[in-house]
Structure formats: C-alpha cells, structure tokens
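Here the structure is laid out as structure tokens; the discussion comes afterwards.
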Amino acid sequence: PIVLRKPQATRPWQHVLEPLAGYFTLASALARDPQAFSGTWNFGPDLDATHSVHDLARRIVEVWGAGRIEVQPSSSDPHEAGLLHLNCDKARLILGWRSRWGFERTVRETVLWYRAAASGQDIAPVSAAQIRAYMENSDD
C-alpha cells in the first residue's frame, strides 16, 4: 500500500527532468554572463501542478492499474508544512524557463519509469526515451 501521513498536504509535484532542464538553462546563461545570472533560482511546476498528496497517490494507483492507499496519521511525526509552493517567476521572466510537463504527464511518465524498474527492465533506454520525449514535447 501507499501509506500517507498527511493526505491533504499539497506539494508542487514535478518530474525530475523539470528542474534538471532549469539547471541546464541556468548553466548556459551563467557561461555567457556570470554576473547577470548569479544568485538563487527556483525551478518548479506551474501552480496547476500543485496537488494534494492524496491526489498524487490516487493518480499513481489509477495509472499503475493496481494498489491501494492507507492513511496513517501520526502525532509523533515532525512538523511538516501543509502547503508548499515555489515562486519560479525569476526563472520564467529572466531565463525564459518553464515547466514542460503538467501533473498528469508527470504522473504517467513517473509510473512508467517505476513500472519498468520494478519489472527488472534496463531503465537506461526508458530514461533516454523520457529525456527525448521531454525535449520534444512542450506539454501534456
């Protein structure tokens, strides 16, 4: 089962390729002009990719085609923010960077990768195919 402590907590879910693309974009800009592009940067999803932990778990079970969700809150867990958002305006405005995959595509591609890994497949070709798809596709 997928065990959730705080199912209503929201997070800015994104595929791992999203921030990596942001870092590569930033590295290219820094190579051109280190002074202009130094500083702190956030690379995160659009606001519509912010979903609850329960929403994510439910979509994973649906896309995987099996599984179940259990909610097991614990009063002994450390404090955890109920709502997280990233302000990525700087990356969008200055670097022209933006997320390419929305929530649904992120879940589908992530489940595909984990399903391949769980079945013992060589994940290098799966990862390479996802990178190619990410570079070619701008949205869901």
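Everything quoted here is computed from the prediction, not taken from an experiment.
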Paired with Tyr134, the side-chain hydrogen bond (donor to acceptor under 3.5 Å, both in side chains) test is passed by just one of Arg105, Glu18, His15, namely Glu18
d(Asp46 CG, Leu86 CG) to nearest 0.5 Å is 11.5 Å
Rounded to the nearest 0.5 angstrom, the CD1-CH2 distance for Ile2 and Trp64 is 9.5 Å
* So, Ser119 versus Arg115: side-chain donor-acceptor pair below 3.5 Å or not? -> no
Review point. Does CD belonging to Glu70 count more than 12 external heavy atoms closer than 6.0 Å?
Key: yes
- Task: Indicate yes or no for a side-chain donor-acceptor contact from Lys90 to the backbone of Thr40 under 3.5 Å, with no hydrogens or angles considered.
- Result: yes
Arg108 and Val63 have their tightest heavy-atom pair at CA-CG1, 4.2 Å
Open item on the list: When you compare the side chain of Trp13 with that of Pro45, does any pair of heavy atoms fall below 4.5 Å?
Closed with: no
Here the gap from Lys6 atom NZ to Gln8 atom CD, rounded to the nearest 0.5 Å, amounts to 12.5 Å
Can you get from Met135 to Phe24 by hopping between Ile, Leu, Val, Met, Phe, Trp and Tyr side chains that sit under 4.5 Å apart? no
Q) Taking Ser99 for the side chain and Gly44 for the main chain, is one N or O donor matched with an acceptor at less than 3.5 Å? A) yes
Minimal heavy-atom distance between Ser52 and Pro7, with the atoms involved, is CB-O, 3.5 Å
query = Would you say Ile123 and Tyr114 make side-chain contact, with heavy atoms under 4.5 Å?
reply = no
Heavy-atom closest pair (Leu95 atom, Ala29 atom, distance to 0.1 Å) is CD2-CB, 3.6 Å
Heavy atoms of Ile69 and Arg58 approach each other most closely as CD1-N, 3.5 Å
One should read off an interatomic distance between Trp101 CH2 and Glu109 CD, to the nearest 0.5 angstrom, of 4.0 Å
Nearest heavy-atom approach of Arg68 to Val61 is N-CG2, 4.2 Å
Heavy atoms of Ala124 and Asp122 approach each other most closely as N-OD1, 3.1 Å
| Are side-chain heavy atoms of Leu56 and Arg11 found at a separation under 4.5 Å? | no
Review point. Is there a side-chain contact between Trp97 and Leu26, using heavy atoms and a 4.5 Å cut-off?
Key: no
d(Phe43 CZ, Gln14 CD) to nearest 0.5 Å is 10.5 Å
Rounded to the nearest 0.5 angstrom, the CD-CG distance for Gln35 and Leu30 is 10.0 Å
